[in-house]
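Each residue takes its place number in the sequence, starting with 1. This is a predicted model, so every value here is computed, not measured. Remember, it's 1-based here, ligands and their atoms both numbered in the order they're listed. No hydrogens, no waters, no symmetry mates; every other heavy atom, side chains included, goes into these values.
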Amino acid sequence: MIKPSSNKPLLKSDLNNLPIGVFDSGLGGLTVVKQIFSRLPNESILYFGDTARVPYGSKSVHTVQKFSLQIVRFLQEKGVKMIVVACNTASSVALDVLKESTNLPVVGVIEPGARAALGVTVGRRVGVIGTTATISTGKYAEILKRIAPDIIVESAACPLFVPLVEEGWTDSPVTEQVARIYLKPLIEKRIDTLILGCTHYPLIKNILQKVVDSDVRIVDTSVETAVDVENILKEKDMLNTGTGQTHHQFYVSDFPQKFEEIADRFLGQSLPDVKRISLDDPL
Ligand code: DGL
């Protein structure tokens with residue numbers, strides 16, 4: 001692996017060959033990796049899932065910022081050309097501090113999701129669902145209103161969705177019932193667009209669509225984030241235009257077996273060798 005910190009100056013082509021660093025609180029960020037794979041097949045990915053400390057969605061701002069800074073340091077030490085914060089919770093509470101901590105381009109999932117919602121809403125009533133931490137920051141509403149002050153935003157925290165998805169209950173009547181309870185206030189407010197503000201929610205998109213009605217447009221932030229990643233790499237002339245040979249690496253902070261088992265569902269393919277690394281260990 002070529003590291004930006006090595007003594008030899010990096011050629012532009014070496015830099016462009018570096019992987020894109022993607023991180024999440026666990027395995028949910030693989031929904032973003034899946035979209036990057038399909039949009040940018042020449043790019044290598046270096047993924048870190050903080051499986052020892054997941055979930056982030058119920059933790060404090062300070063804690064999520066601290067964990068996120070550690071992970072960005074790890075990715076930077078490993079040698080990446082850009083950082084993608086695939087976790088909605090980390091994007092909501094830590095994006096600004098992460099941008100200040102590194103010279104690398106840093107992309108979160110909130111702004112791409114908000115822009116996409118504004119592109120499809122017809123009635124200017126946007127619903128946002130996410131973890132408790134994501135919703136309590138009000139970050140989606142803030143960005144939506146900054147871009148379009150007339151927009152009406154209705155938000156709901158849906159903390160049970162993450163464990164239900166991780167249990168594999170992605171088409172269970174139990175999940176549908178839970179969705180009906182969580183989404184009732186948004187339906188009553190007549191939202192016409194729904195932002196899936198959590199890495200796990202694309203896996204229950206069918207249930208959510210059924211519950212909110214077929215007219216409501218559902219915005220999958222993972223798709224929009226991959227579009228942003230491509231745009232930034234193009235703009236900065238950092239696309240990997242090499243031989244097309246990719247080398248993906250996956251790291252987790254707890255034992256990798258469960259990650260490997262569930263990853264299939266998120267990524268739609270099995271993973272190469274997943275390595276465990278403790279961020280307390282020397283890199
Ligand atoms: N990855 C988190 C998110 O997108 C969901 C899981 C967690 O709470 O850590 O907000």
Should Thr131 and Thr89 be marked as a side-chain hydrogen bond (donor to acceptor under 3.5 Å, both in side chains) after you check the CA-CA gap, both sets of side-chain angles, and the distance that decides it? CA-CA 7 Å; Thr131 63; Thr89 304; 2.9 Å; yes
So Phe161 and Tyr182, would you call those rings parallel, tilted or perpendicular, with 30° and 60° as cut-offs? perpendicular
Just verifying a value: how many Å separate Asp237 CG and Lys234 NZ, rounded to the nearest 0.5 Å? 12.0 Å
Restricting to heavy atoms, the pick from Cys198, Gly28, Gly57 nearest atom 5 (C) of ligand 1 would be Cys198
Kindly say whether the aromatic ring centers of Tyr47 and Phe23 come within a distance under 6.0 Å. no
Hey, is Thr131 touching ligand 1 through its side chain, its backbone, both or neither, going by heavy atoms under 4.0 Å? side chain
Sub-4.0 Å atoms of ligand 1 with respect to non-hydrogen atoms of Val54: 9 (O)
Atoms of ligand 1 under 4.0 Å from any heavy atom of Thr89, numbered from 1 in the order shown, are 3 (C), 10 (O)
Asp24 versus ligand 1: do any nitrogen or oxygen atoms come within less than 3.5 Å of each other? yes
Protein heavy atom at shortest distance from atom 6 (C) of ligand 1: Ser25 OG, 3.6 Å
Measure the OG1-CZ distance between Thr63 and Arg53 for me, rounded to the nearest 0.5 Å. 9.5 Å
Taking all heavy atoms of Asn88 and all of Leu196, pick out the closest pair and write down the distance. OD1-O, 4.4 Å
Would you check whether Val162 has a nitrogen or oxygen atom less than 3.5 angstrom from a nitrogen or oxygen atom of ligand 1? no
